[in-house]
2 protein chains.
Amino acid sequence: MVNSHALRPSDGATLQLDTFLPYRLNVVTQAVSQALARLYSEEFGISVPEWRILAALGEAQRAGGPDWPGMTARDLARHGSMGKVMVSRAAAALVQRKILVRKANAADRRESFLHLSRKGAGIYMAIVPRAHAFQEQLARGISASDAQAFDRVVRHLMKAAGSAEAALLEDA
Amino acid sequence: MVNSHALRPSDGATLQLDTFLPYRLNVVTQAVSQALARLYSEEFGISVPEWRILAALGEAQRAGGPDWPGMTARDLARHGSMGKVMVSRAAAALVQRKILVRKANAADRRESFLHLSRKGAGIYMAIVPRAHAFQEQLARGISASDAQAFDRVVRHLMKAAGSAEAALLEDA
DNA sequence: TATTGTTATACTCTATAACTATA
DNA sequence: TATAGTTATAGAGTATAACAATA
C-alpha cells in the first residue's frame with residue numbers, strides 16, 4: 001500500500017520515493033508542463049518561456065491604457081521567474097517573428113520596451129482560452145476547499161524552498 | 001492584489017500568469033528541486049536521477065530479505081519515473097563509482113540486477129536523514145489537513161495531466 | 001562603478017531513434 | 001518478433017561569466 005501523506009513521510013531509516021515531496025513535485029510538474037508545452041508548440045509554435053512573455057505582456061497590455069509603454073526585459077524576467085538570458089533570447093525570437101514589437105526607451109537607452117504586435121495579440125487571444133480550458137480540465141474533480149489548501153501549500157513551499165536549503169547547508 | 005486561487009482563475013480574456021497552475025508548479029518545483037539538487041551534488045556528488053536509483057534500491061533492499069536479487073533497469077525506470085536511457089546512464093556511472101553492484105541474471109541474460117554496494121548503502125544512509133530533514137523543513141508550518149488536501153490534489157493532477165492533454169488536442 | 005541587455009559556453013534533463021543481444 | 005539495455009544525437013532549459021552600451 002502506498003503511503004498517502006506527501007508531506008509526512010514514514011520512518012527515519014528509509015525513504016519511500018513516492019512520498020518524497022521533491023520527487024512528487026517533479027513528476028507531477030513534468031507531466032503537466034509537458035502536456036501544455038506540446039499544446040503551445042504544436043498549435044502555436046510557442047515555447048514555454050515565450051508563452052510566459054506573451055502572458056505577461058497580454059495581461060499588462062490589457063490593464064494598461066492606450067499609452068502603456070510596454071515592459072522591459074527586466075520586468076519580464078521578474079514577472080515570469082526567468083533569467084535575463086532566457087528573456088533576451090525568447091524576446092529576440094518573438095520580435096523576429098513579429099509577435100512582439102520593440103521600442104527604444106529614449107530616457108534610458110540601455111533598455112527598450114516590448115509589447116504585443118497585432119499578430120501577437122491575436123496569438124495571445126487564441127491561447128488564453130485554451131490555457132483556461134487546460135487548467136479547468138486539470139482542476140475538474142478537485143473540491144474548492146482542496147484547491148484553496150493546495151494554493152496555501154504552494155505559496156508556503158515557494159517561500160520555504162529557499163530557507164530550507166540554507167538551513168540544511170548550515171549544519172552540514 | 002494577487003488572485004489567491006491557483007486552480008480557479010479569474011476572467012476569460014486574460015490570464016494572470018501567477019495564478020496559472022502549470023506556471024506555479026514549474027516555479028515551485030524548480031525552487032524545491034534545485035535546492036535539493038545542490039544538497040545532493042555538493043555533499044554527496046550525486047545527481048537527481050542517481051538519487052532516485054539509490055532511493056529505490058535502498059528502500060527495496062531493506063524491505064527484501066538477504067537473498068533479494070536486486071532490481072533491473074526496467075524496475076528502476078518505472079519506480080523512479082525515468083526513461084530507460086537515463087537509468088542506463090545513471091546506473092553505469094554509479095556502478096563505475098562502486099556505489100552500485102551489477103549482477104548478471106542467468107535466467108534472462110538481456111537484463112541484470114543492481115543493488116547497493118556497502119559504499120552505496122553508506123551514502124544512502126547518510127542522505128536519507130538529510131532528505132527527511134529537508135522535507136520537514138519544507139513542511140514546517142503546513143497544517144495536517146492542508147497537507148492531506150495537497151496530497152489529494154497532487155494525486156489528482158498526476159492522473160489528470162494525461163487526459164487533459166488528450167482532451168485539448170481532440171477538439172483542436 | 002553599477003545596471004541593462006546580449007553573447008558564449010557548458011551542463012542537465014529529455015526525447016527519439018538506431019542498434020545489440022538476447023528471448 | 002518483441003524486449004532489455006546501450007549508444008548517439010538533438011532539443012529545451014538553466015547557470016555562469018564575459019562583454020558592450022549606457023547610466
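Order of the sequence lines sets the chain letters (A, B, ...), proteins ahead of strands, with each chain counted from 1.
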Quick test: give all pairs of protein nitrogen or oxygen and nucleotides 18-23 of chain C nitrogen or oxygen below 3.5 Å, distance rounded to 0.1 Å.
unit_1: dA23(C); atom_1: OP1; unit_2: Arg109(B); atom_2: N; d: 3.0

Measure all distances between protein nitrogen or oxygen atoms and nitrogen or oxygen atoms of nucleotides 13-16 of chain C, and list the pairs falling under 3.5 Å.
unit_1: dA15(C); atom_1: OP1; unit_2: Gln34(A); atom_2: OE1; d: 2.8
unit_1: dA15(C); atom_1: OP1; unit_2: Gln34(A); atom_2: NE2; d: 3.0

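For Asn105(A), the side-chain contact (heavy atoms from CB on, under 4.5 Å) partners are Ala107(A), Asp108(A), Glu111(A), Phe113(A), not counting sequence neighbours. Taking the side-chain contact (heavy atoms from CB on, under 4.5 Å) definition, one finds that Ala60(B) meets it with Trp68(B), Met71(B), sequence neighbours left out. Residues passing the side chain to side chain donor-acceptor pair (under 3.5 Å) test with Arg109(B): none are found, sequence neighbours excluded.
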Distance-only check: which donor-acceptor pairs under 3.5 Å involve side-chain atoms of residues 79-101 of chain A, not counting sequence neighbours?
unit_1: Ser81(A); atom_1: OG; unit_2: Tyr23(B); atom_2: OH; d: 2.7
unit_1: Arg97(A); atom_1: NH1; unit_2: Gly45(A); atom_2: O; d: 3.1
unit_1: Arg97(A); atom_1: NH2; unit_2: Gly45(A); atom_2: O; d: 3.0

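In terms of heavy-atom proximity, Phe44(A) sits nearest to Ile123(A) at CD2-CG2, 4.3 Å.
The separation between Arg78(A) atom CZ and dT4(C) atom C1' is 13 Å, rounded to whole Å. For the pair Asn26(A) CG and dT12(C) C1', the computed distance is 12 Å after rounding to whole Å. Atom P of nucleotide dT12(C) and atom CG of Leu36(B) are separated by 16 Å, given to the nearest angstrom. As a whole-Å value, the separation of Phe113(B) CZ from dG5(D) C1' is 14 Å. Here dG5(D) presents its P atom at 8 Å from CZ of Arg102(B), a figure rounded to the nearest Å. Protein atom CZ of Arg74(A) is 8 Å distant from nucleotide atom P of dG5(C), rounded to whole Å.
A side-chain donor-acceptor contact under 3.5 Å links His156(A) to the backbone of Arg140(B). Using a distance-only test at 3.5 Å, with no hydrogens or angles considered, a donor-acceptor pair links the side chain of Glu50(A) to the main chain of Ser47(A).
In this structure, the side chains of Leu15(A) and Glu59(B) stay at 4.5 Å or more apart for every pair of heavy atoms.
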